[in-house]
Amino acid sequence: MPELPEVETVRRSLLPLIVGQKPRRIEIFNESVVACGDLADLLGLEIMDIGRRGKYLIIYFEKELTLVVHLRMTGRLLWREQPLPLPKHSHVVFRMEQGGELVFADVRRFGRLWLVPQSGLKEISGLCKLALEPLDEGFSSENLQQNLQRHKKAPIKAVLLDQTVVAGLGNIYVDEVLFAAKLNPMRLTGNLTESEIAVLAEVMPQILAYAIEKRGTTFRDYVDGNNQSGTYQDFLKVFHKEGEKCSVCGTVILKTKVGGRSTFYCPNCQPK
DNA sequence: GCCCACCTGTCA
DNA sequence: TGACAGGTGGGC
Ligand SMILES: [Zn+2]
C-alpha cells in the first residue's frame, strides 16, 4: 500500500501523538508480524522520535532501542484515544501510560515489526540496502545514473521499483514519475540518455514532495495515523486512469503490465 | 531477470 | 471462480 509519501504522512501524523508516550502494556495477537525482538522490552520506555528511511518507519525509544515498521501492502499504524473496539486485523497494540494506544493492523499480514538496538538497524536487510531517496541531500542525476547502470537490460519501470536503485517509489509514483519525465515504462534502462535521466532525477523529488503535501494517495486501504485518507489520488495523471484522456495531450491512457505490475501510461507523451 | 509466495478481501 | 491489489524476498 504505502509508498514514501504515505509512510512520511504516517510519520508526521504520529509524531505529535506518540512522542513522549510510554507503553504500559503491549498485546500481540499475531506473532508472525514481529520479525525480531521481544516487544516487552519496550514497556515503560519513552518514545523519543519517529524517523523514516524509504518505506520504513523507525520509532526511537529510550535506551537506544528502535522499533522498525514496514507496512507493505495493507499495514496501518493507528493512534486511538478511545480504546475498544479494535479495528479488524489488529495484530499488535501498544497501550500507553497516559492513555491512548498505538495499533498495528494489517489485513494481509505482510507488514513487519523489528525491535532492535540502534546498532542493529544495519542488520535489517531491506533497510540497510536502501539507495538514497529523491528527497535526500545527496540525491542527484549522477547518483541515479550510477545505480541505473546495474540494470541496463531491464525496463526502466521495473528498475525504479528496486529500492536499492532509488528508495521510496512504488507502483503509483513510478508511473507518475515516468509520465512527468515523458519516458515509456518499457524503455530499456541502458537506452536512456543522460539528459533523460537528468529529467527523471528532477521530477522525482517534485512529485514526491507534492504527494506528501497532499498527504499521500488513498485507493482502498491507506490511512495515516489518525485514520485519515490522503488526497493525492485527485492529482494523479496516469495511475489507474486507463481509458481516460491524457491531461496533457488528450490521448487515451493505456494499461499494460511491466515487471509483473500493472502499469499506466500515455502512448503519445511517453513513446517507445 | 522472472515467477512465486506471503495473505485477505473485493470485484468482474 | 479467478484475477488482482499500493511490497518484498527467495527460488531458479
Ligand atoms: Zn499524453
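Below, chains carry the letters A, B, ... as their sequence lines are ordered, and counting in each starts from 1. The structure displayed is predicted, hence computed values, not measured ones.
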>> Distance check needed: dG7(C) P versus Arg108(A) CZ, whole Å only.
In response: 10 Å
> Between atom CZ in Arg112(A) and atom C1' in dC6(B), what is the gap in whole Å?
Replying inline: 8 Å
>> Looking at dC6(B) and Phe110(A): do their rings stack (centroid distance under 5.5 Å, interplanar angle under 30°)?
In response: yes
> Should Ser262(A) and Lys257(A) count as side-chain neighbours, where that means a heavy-atom distance under 4.5 Å?
Replying inline: yes
> Do Thr256(A) and Tyr265(A) have side-chain atoms, one donor and one acceptor, less than 3.5 Å apart?
Replying inline: no
> For dG7(C), does either OP1 or OP2 sit under 4.0 Å from a side-chain N or O belonging to His70(A)?
Replying inline: no
> Across all strands shown, which nucleotide pairs with dC7(B) by Watson-Crick or G-U wobble geometry, both distances under 3.5 Å?
Replying inline: none
> Could you give the NZ-to-P distance, from Lys129(A) to dG9(C), as a whole number of Å?
Replying inline: 6 Å
> Within the structure, does a side-chain N or O atom of Lys55(A) lie under 4.0 Å from either OP1 or OP2 of dT8(C)?
Replying inline: yes
>> Tell me whether the rings of His240(A) and Phe219(A) are parallel (<30°), tilted (30 to 60°) or perpendicular (>60°).
In response: tilted
> To the nearest Å, how far apart are Lys257(A) NZ and dC2(B) P?
Replying inline: 14 Å
>> Is it true that Asn171(A) and Lys157(A) share a donor-acceptor pair across their side chains at a distance under 3.5 Å?
In response: yes
> Counting only side-chain N and O atoms of Arg261(A), is one of them less than 4.0 Å from OP1 or OP2 of dG6(C)?
Replying inline: yes
> So what does Thr74(A) touch, heavy atoms closer than 4.0 Å: a base, only the sugar-phosphate, or nothing?
Replying inline: nothing
>> For a quick check, tell me whether the side chain of Arg220(A) and the base of dG6(C) share a donor-acceptor pair closer than 3.5 Å.
In response: yes
>> Distance check needed: dG6(C) P versus Leu236(A) CG, whole Å only.
In response: 12 Å
> Does a side-chain N-to-carboxylate-O contact under 4.0 Å join Arg72(A) and Asp106(A)?
Replying inline: no
>> Could you tell me how far dT8(C) sits from dG9(B) if I compare only their P atoms? Round to whole Å.
In response: 22 Å
> Rounded to the Å, how far apart are Trp114(A) CH2 and dG9(C) P?
Replying inline: 7 Å
> CZ of Arg72(A) versus C1' of dC6(B): gap in Å, rounded?
Replying inline: 9 Å
>> Output the rounded distance in Å from CG (Asp106(A)) to P (dG6(C)).
In response: 15 Å
>> I'd like to know if Arg53(A) and Glu133(A) make a salt bridge, using a cut-off of under 4.0 Å between side-chain N and carboxylate O.
In response: yes
> Closer to the 5' end of DNA chain C via nearest nucleotide, is it Glu6(A) or Leu127(A)?
Replying inline: Glu6(A)
> Can you find a side chain N or O atom of His89(A) that sits less than 4.0 Å from OP1 or OP2 on dG9(B)?
Replying inline: yes
> In whole Å, what separates the P atom of dA5(C) from that of dG1(B)?
Replying inline: 23 Å
> What is the pairing partner of dG6(C), taking Watson-Crick or G-U wobble pairs with both distances under 3.5 Å in any strand?
Replying inline: none
>> So, OP1 or OP2 of dG7(C): does either fall under 4.0 Å of a side-chain N or O from Gln163(A)?
In response: no
